Amino acid sequence: MSKHETTFTPHPMPDGIIEANGNKYMADGTGALRAVETISPRKLLCDEMVRHEFGFALAVTHQLARFRGHLMTNLGNFDALMAQEYGVTIGGKKGNRTYTSHDGLWKIEVRMQDRIAYSSELQQAKALFDECLNEQAADAPPLLRSIVTNAFDIDKEGQINRTNIHILLNTEDDDPRWKRGQEAIRDAMYVIGAKEYVRFSMRPSCRDGWTSLSIDLANT
């Protein structure tokens with residue numbers, strides 16, 4: 001065990017052992033029970049390693065969740081104090097806020113990102129783009145066709161690829177149908193919620209660039 005692990009308590013993990021009639025079993029990937037003595041030492045060692053490391057991963061996740069609760073409470077209390085004592089409102093209309101140390105070397109940013117969904121107008125937009133490109137035929141740049149195709153691709157989570165949609169919205173074409181297609185995309189977009197992100201950044205001096213801490217507080 002490394003020196004780092006001795007100062008960090010892992011989350012308790014089940015050992016995967018099932019006892020029945022005085023014998024010990026472990027479930028395999030299909031859910032079937034296998035007697036422990038019939039499982040190869042290599043697989044048993046791998047199982048032990050995975051459970052051991054997962055215990056630390058779960059402990060970190062739980063600590064991050066507690067830290068996020070502590071952080072958001074303190075930031076909220078600070079915002080309330082600024083509003084009450086100084087009449088200052090932190091952040092803009094979307095709830096984005098930035099907190100910086102006096103020397104400008106430490107920064108906490110809270111950012112709200114809208115979750116966007118698309119209505120049926122998106123199919124109308126695709127039809128307009130396809131009509132435009134089909135009429136242009138050989139004159140249509142291959143890159144432009146690729147942009148249209150990729151913009152309406154469904155990603156592995158069953159969602160429209162927003163990055164490709166953004167590229168399409170920023171691609172210029174003089175054809176009026178192209179512009180109507182872009183307008184149809186904008187009409188199809190609607191906000192279904194928001195996700196809050198927190199970023200910690202630091203720098204050695206005010207002349208240096210920012211370095212972000214690798215702490216994901218979006219999903220905790």
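From a predicted model like this one, the values you see are computed outputs, not experimental measurements.
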Review point. Yes or no on salt bridge (charged side-chain N to carboxylate O under 4.0 Å, His left out) for Arg51 and Asp47, after CA distance, side-chain angles and deciding distance?
Key: CA-CA 6 Å; Arg51 293 175 188 276; Asp47 179 88; 2.8 Å; yes
Check your understanding: Any idea how Phe78 and Tyr99 line up, ring-wise: parallel (<30°), tilted (30 to 60°), or perpendicular (>60°)?
Key -> perpendicular
Review point. Are any non-hydrogen side-chain atoms of Thr98 and Arg111 less than 4.5 angstrom apart?
Key: yes
Review point. Less than 4.5 Å apart, any side-chain heavy atom of Leu81 and any of Asn77?
Key: no
Review point. When you check the side-chain N and O atoms of Arg97 and Thr89, is any donor under 3.5 Å from an acceptor?
Key: no
Review point. Taking atom types as modelled, is there a side-chain donor on Arg199 or Tyr197 under 3.5 Å from an acceptor on the other?
Key: no
Under 4.5 Å between side-chain heavy atoms, hopping through other hydrophobics if needed: is there a path connecting [X] to [Y]?
| X | Y | result |
| --- | --- | --- |
| Phe67 | Val110 | yes |
| Ile108 | Val88 | yes |
| Phe56 | Leu45 | no |
| Val60 | Met13 | no |
| Tyr190 | Ile185 | no |

[X] versus [Y], closest heavy-atom pair with distance:
| X | Y | answer |
| --- | --- | --- |
| Leu213 | Met202 | CD2-CE, 3.5 Å |
| Tyr25 | Ala20 | CE1-O, 3.7 Å |
| Phe129 | Gln182 | CZ-N, 3.5 Å |
| Arg180 | Leu128 | NH2-CD2, 3.6 Å |
| Arg68 | Glu196 | NH2-OE1, 2.9 Å |
| Ala125 | Gly181 | CB-O, 3.4 Å |

If you draw a 6.0 Å radius around [atom1] in [X], do more than 12 non-hydrogen atoms from other residues or ligands fall strictly inside?
| X | atom1 | result |
| --- | --- | --- |
| Trp210 | CH2 | yes |
| Lys179 | NZ | yes |
| Glu48 | CD | no |
| Arg42 | CZ | no |
| Phe54 | CZ | no |
| Lys107 | NZ | yes |

Exercise for review: Quick one: name the residues clustered hydrophobically with Met26, using the 4.5 Å side-chain heavy-atom rule over I, L, V, M, F, W, Y, and just say none if it's on its own.
Suggested key: Ile17, Val36, Ile39, Leu44
Exercise for review: Walk me through it: do Leu71 and Phe200 pass the test side-chain contact (heavy atoms from CB on, under 4.5 Å)?
Suggested key: CA-CA 11 Å; Leu71 171 68; Phe200 289 81; 3.8 Å; yes
Review point. Counting N and O atoms only, with roles assigned by atom type, does the side chain of Arg177 sit under 3.5 Å from a partner on the main chain of Ala127, one being a donor and the other an acceptor?
Key: no
